[in-house]
Number of protein chains: 2
Amino acid sequence: MLQSGAMDYRDSGVDIAAADLAKGRIKTLVRETFNASVLSEIGSFGALFRPDFARYREPVLVASTDGVGTKIQVAIAAGVHDTVGHDLVAHCVNDILVQGATPLFFLDYIALGVMDPRRVEAIVSGFARGCAEFACPLIGGETAEMPGAYAPGDYDLAGFIVGVVDRPRLLPRNVREGDLLVGLASDGLHTNGYSLARKVLFDTLGHGVDTLLPELGTTVGQALLAPHRGYLSALEPLLESGKIHALSHVTGGGFPGNVPRALPKGLAARIRTSAWKVPPLFHVIQKGGRVSDAEMYRTFNMGVGMVVVVDPADLHDVEHSLERRGEACFVIGAVEPGSGVIFE
Amino acid sequence: MLQSGAMDYRDSGVDIAAADLAKGRIKTLVRETFNASVLSEIGSFGALFRPDFARYREPVLVASTDGVGTKIQVAIAAGVHDTVGHDLVAHCVNDILVQGATPLFFLDYIALGVMDPRRVEAIVSGFARGCAEFACPLIGGETAEMPGAYAPGDYDLAGFIVGVVDRPRLLPRNVREGDLLVGLASDGLHTNGYSLARKVLFDTLGHGVDTLLPELGTTVGQALLAPHRGYLSALEPLLESGKIHALSHVTGGGFPGNVPRALPKGLAARIRTSAWKVPPLFHVIQKGGRVSDAEMYRTFNMGVGMVVVVDPADLHDVEHSLERRGEACFVIGAVEPGSGVIFE
């Protein structure tokens with residue numbers, strides 16, 4: 001029995017009953033993402049997944065982990081907590097897609113200053129929605145209440161994905177001089193460049209999340225919280241066709257930080273920045289912060305979330321396939337001898 | 001070119017060059033954990049792992065994620081950053097071990113207020129040391145600089161593990177009335193109960209990390225940072241022998257939160273708390289915070305990091321096997337009809 005004046009775990013800021021309540025609410029959301037490969041119940045120590053590798057000649061697991069960066073600070077400022085989980089799933093799905101892999105399962109890590117069951121439910125609903133969209137069971141996770149480590153309203157998220165690719169279909173492969181770079185449209189900043197964007201929009205320009213920007217037709221918060229696009233459904237049929245030589249997910253490091261990683265040594269990406277219309281949000285940030293072009297293209301996606309490297313002979317088929325799935329795409333450059341990214 | 005007065009990503013608090021430097025230092029540490037299944041180089045988008053499931057009849061992947069809780073706040077206060085990664089690997093290894101699984105690979109997530117290459121190197125060295133100890137390649141990770149989200153000296157960690165178990169060997173299995181509970185000694189608090197421990201030791205008792213506690217013969221910081229024991233090498237031979245019916249990793253929620261999860265419905269764990277000597281650190285906390293017994297046993301491991309459920313007929317063999325590997329173990333109770341944990 002607790003004695004009067006005695007201390008228990010709740011006094012120290014950790015509310016286990018509230019944590020249990022949150023767990024109950026998220027069970028239903030999470031279970032909807034399950035498929036026949038998921039063997040475990042929610043709440044077991046480790047999540048069990050029985051892979052079906054029958055159709056693979058040589059299955060290779062592809063794993064990746066990521067956070068949403070300081071996009072989370074925008075979510076906190078706007079009081080919108082059910083989208084960042086979706087962002088993180090999309091980000092992770094794209095990260096393994098560039099190696100030709102499709103998702104097997106996802107796990108989430110949520111650390112909060114205070115266990116708020118409704119907050120956790122909102123966050124997990126975002127994860128579950130993302131996992132449902134990409135047919136990627138949310139098989140496990142950890143929700144940690146860390147008073148002191150995080151301010152009461154603060155939290156952080158990490159996501160972890162495991163996918164599979166048949167080794168002969170691993171990307172990149174067969175990238176050659178003369179290949180074309182096809183850009184797929186992004187929706188806003190996705191999950192990169194938020195530290196700079198927040199500094200310019202909030203500190204330099206003095207905007208708040210509720211400030212309406214006429215150039216955008218939305219509030220700053222709405223623009224910054226636009227969901228990270230996942231390109232799985234658009235690209236999966238093309239992966240199966242073998243017509244993709246490489247993919248580059250334009251995330252942290254922008255074009256120079258990501259496109260060269262998809263190219264073999266000795267080849268460069270020539271990118272014609274006039275080939276697509278940079279969305280207005282990037283102009284607002286560039287003008288407001290007097291940011292150089294070079295810095296913009298190495299920080300933001302500038303309207304291109306994924307770059308697809310294809311043989312010119314396949315361009316028509318690839319464009320047709322993407323457009324049939326509603327993807328806006330544009331040839332933004334080509335592969336040539338050299339290294340890194342050459343902008344023109 | 002950057003203009004005078006223009007803003008770049010470094011101004012916003014994110015130092016990409018420092019991040020690159022940290023990445024270089026980490027590579028060597030991480031590569032040493034690799035084995036023949038790791039196909040990818042460090043720095044690729046997703047990590048590639050070719051599983052060798054030839055000896056499994058029906059391989060089941062077991063995945064888990066965790067953090068180190070507010071143990072990290074002790075590490076920060078003590079300026080010791082190369083142990084928490086090891087803690088996290090050990091924690092994750094134990095979490096999948098309770099289902100009978102051995103590790104395939106691990107990924108880490110590190111989020112910091114400021115990218116400090118030496119700090120990151122220390123953190124990753126802990127992950128790498130843990131991964132090397134458990135023969136679990138550290139195949140990927142994310143290091144995120146999040147100014148604003150974390151205070152400059154603060155950081156958080158999450159770990160993700162994937163292991164494998166042959167489905168017929170999944171634990172728990174065959175747990176019966178009359179089975180014995182064998183406790184394996186812990187080293188300190190492992191990674192649970194730190195919010196309460198810090199509250200008592202630092203706030204109530206006014207200690208600092210450098211306070212020498214005569215009862216312990218160490219400083220408070222040393223006692224609290226004792227590494228989380230991983231029980232893989234001690235238990236792996238027993239898993240193969242089939243003599244383990246179930247395992248319970250005594251983590252958050254203590255005995256009531258973990259031991260019943262290893263038992264089928266209708267069975268309870270009777271635990272004789274006098275069966276082992278509770279280490280002095282727990283007495284210091286209990287006395288200092290006037291914490292009830294019930295609260296202690298549902299918050300801390302109380303000196304027992306793992307509970308092994310065995311048939312009484314196998315007890316001698318199990319004890320012998322554990323002792324040969326240097327594990328201190330003691331029979332702490334038995335399985336009986338009922339539910340939950342019954343302390344006596």
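In the text below, chain A, chain B and the rest are named by the order of the sequence lines, each starting its count at 1. These numbers come from the heavy atoms of this one structure, side chains and all, not from hydrogens, waters or symmetry mates.
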Does any backbone or side-chain atom of [X] lie under 4.5 Å from a heavy atom of chain A? Answer side chain, backbone, both or neither.
X      : result
B:D203 : neither
B:L97  : neither
B:I72  : side chain
B:D154 : side chain

Next on the checklist: Looking at chain A, which one of B:A101, B:G67, B:A144, B:A111 has the largest number of heavy-atom pairs inside 4.5 Å, strictly under?
Outcome noted: B:G67
Checklist entry - Please walk me through it: do B:L107 and A:F160 pass side chain to side chain contact (heavy atoms under 4.5 Å, CB included)? => result CA-CA 8 Å; B:L107 290 91; A:F160 168 65; 3.2 Å; yes
Work out which heavy atom in [X] is nearest to a heavy atom in [Y]; give both atom names and the distance.
X      : Y      : value
B:E142 : A:T65  : CB-O, 3.6 Å
B:Y150 : A:D156 : OH-OD2, 2.5 Å
B:Y109 : A:L157 : OH-O, 3.6 Å
A:A158 : B:A158 : CB-CB, 4.5 Å

Next on the checklist: As a quick check of understanding, evaluate side chain to side chain contact (heavy atoms under 4.5 Å, CB included) for B:V62 and A:F49, giving each step before the final call.
Outcome noted: CA-CA 6 Å; B:V62 185; A:F49 186 89; over 6 Å; no
Checklist entry - Can you say whether A:F53 sits under 4.5 Å from chain B via the side chain, the backbone, both, or neither, judging by heavy atoms? => result side chain
Checklist entry - Pick from A:V162, A:I161, A:L170, A:D66: which one has the most heavy-atom pairs with chain B under 4.5 Å? => result A:D66
Checklist entry - Atom CD in A:E58, atom CG in B:L39: separation rounded to 0.5 Å? => result 7.5 Å
Checklist entry - So B:Q99 and A:L48, side chain to side chain contact (heavy atoms under 4.5 Å, CB included) or not? Walk me through it. => result CA-CA 9 Å; B:Q99 298 186 294; A:L48 304 180; 3.7 Å; yes
